[in-house]
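The model shown is predicted, which means the values in this text are computed figures rather than measured ones. Naming: A, B, ... by sequence-line order, numbering from 1 per chain.
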Amino acid sequence: MPEGHILHRLAREHLRLFGGAPVAVASPQGRFAAGAKLVDGRPLERAEADGKHLFLGFPHAWLHIHLGLYGVVTFGAAPAPEPVGLVRLRLANQDHYADLRGPTTCELLTPAEKDAVHARLGPDPLRADADPERAWHRISRSRSTVAALLMDQKVLAGVGNVYRAEVLFRHGIDPHRPGRELTRAEWEPIWQDLVELMRAGAETGRIDTVRPEHTPEAMGRPPRVDDHGGEVYVYRRAGQPCLVCGSEVRTEEHAARNLFWCASCQQR
DNA sequence: TCTTTATGGCGAT
DNA sequence: TCGCCCTAAAGAT
């Protein structure tokens with residue numbers, strides 16, 4: 001379930017469980033054995049997220065993790081059990097362990113290489129140093145659709161398919177509109193909304209975007225359970241009635257990703 | 001025991 | 001735009 005809010009959450013959690021003390025680092029699966037050996041037994045000094053990238057700071061290297069589509073981290077209390085499945089990376093101390101499975105990236109970087117990753121990313125709504133003006137600069141000059149731009153990590157870092165679909169719904173924006181046709185008056189509240197939605201997501205670990213007045217309870221409809229764990233307007237709700245207007249939520253493949261929207265509520 | 005699917009991203013064409 | 005990579009769970013056969 002990796003959008004940016006999860007990575008910020010993971011950064012905090014790693015620091016809380018492993019920060020400041022030596023960490024046993026291993027690669028039970030073997031694919032990261034050489035890298036693990038280089039930081040094994042070193043203290044975890046820092047942890048930060050940048051978009052969907054996670055950086056764990058050891059004295060001599062940054063451990064760079066990107067979960068990709070299927071990557072997942074699971075935490076548990078010591079003693080760590082025999083690894084189940086393909087565990088690329090295991091961190092452990094006297095009290096806790098963390099297992100990483102299926103990441104697209106798990107590597108060691110120098111500070112310069114870490115900076116290079118940061119340099120190629122757009123502003124991350126969850127970072128204090130984010131400059132939304134950089135995103136606006138690109139969006140307002142682009143012929144690409146707003147849907148594609150919001151997912152482009154060079155434009156905005158950390159936004160994924162769920163936040164993309166949901167924020168466009170919340171602002172009534174047709175995902176197919178070219179970025180250059182978006183106005184600044186439309187963009188600014190979208191950015192602000194991403195900051196607030198993703199902050200909430202980082203707190204709860206799930207994506208909830210439905211306003212109180214549109215919950216099934218408030219609308220007099222039966223309660224609903226979303227299988228991905230959060231309450232959303234359109235993401236993966238194709239064919240179901242829009243929570244606001246009742247028309248069918250639509251879906252299509254857009255730049256090789258699933259796009260969801262309400263054609264009636266999102267006409268701007 | 002298969003096939004399908006997923007909240008991502010890269011490099012080749 | 002396409003194919004490919006990482007993995008596990010759910011659904012189909």
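Using a 4.0 Å cut-off between charged nitrogen and carboxylate oxygen, A:E181 and A:R268 do not count as a salt-bridge pair. Between A:R9 and A:E3 there is no salt bridge, since none of the side-chain N atoms of the basic residue sits less than 4.0 Å from a carboxylate O of the acidic one. A salt bridge links A:E13 to A:R16: at least one charged side-chain nitrogen sits closer than 4.0 Å to a carboxylate oxygen.
For the pair A:V234 and A:E166, the tightest heavy-atom approach, listed with the atom from each and the gap, is N-OE2, 2.8 Å. Heavy atoms only, all atoms of each residue included: A:N93 and A:F18 are closest at ND2-CD2, 3.4 Å.
The side chain of A:Y235 places an N or O atom within less than 4.0 Å of a non-bridging phosphate oxygen (OP1 or OP2) of B:dT7. OP1 or OP2 of C:dA8 lies within a sub-4.0 Å distance of a side-chain N or O belonging to A:R101. The phosphate of B:dT7 has neither OP1 nor OP2 within less than 4.0 Å of any side-chain N or O from A:K52. The shortest distance between the side-chain N/O atoms of A:H66 and the OP1/OP2 oxygens of B:dG8 is not below 4.0 Å. Remark: A:R120 is in phosphate contact with B:dC10, judged by side-chain N or O atoms under 4.0 Å from OP1 or OP2. Not one side-chain nitrogen or oxygen of A:Q153 sits closer than 4.0 Å to the OP1 or OP2 atom of B:dC10. Between A:N258 and B:dA6 there is a side-chain N or O to OP1 or OP2 distance below 4.0 Å. Note on A:R236: every side-chain N or O is 4.0 Å or more away from OP1 and OP2 of B:dT7.
The nearest whole Å value for the distance from the CG atom in A:L89 to the C1' atom in C:dT7 is 16 Å. The CG-P distance, from A:D152 to C:dT1, rounds to 14 Å in whole Å. Atom-to-atom, CG of A:L156 to P of B:dG8 comes out at 13 Å; the value is rounded to the nearest Å. Regarding A:R257, its CZ atom lies at a distance of 6 Å from the C1' atom of B:dG8, rounded to whole Å. We find that NE2 of A:H8 is positioned 15 Å from C1' of B:dT7, with the value rounded to whole Å. Taking atom NZ of A:K154 as the reference point, atom C1' of B:dG9 lies 10 Å away to the nearest angstrom. Separating the CG atom of A:L54 from the P atom of B:dG9 is a distance of 14 Å, rounded to the nearest angstrom. Atom CZ in A:R237 sits about 16 Å away from atom P in B:dT7, given to the nearest Å.
Across all strands, A:Q29 comes closer than 4.0 Å only to sugar-phosphate atoms, never to a base (heavy-atom distances). Nucleic acid contact for A:R88: sugar-phosphate only, since backbone atoms but no base atoms lie under 4.0 Å from a heavy atom of the residue.
Of the candidate nucleotides B:dT7, C:dT7, B:dG8, C:dT7 has the atom nearest to the side chain of A:R31.
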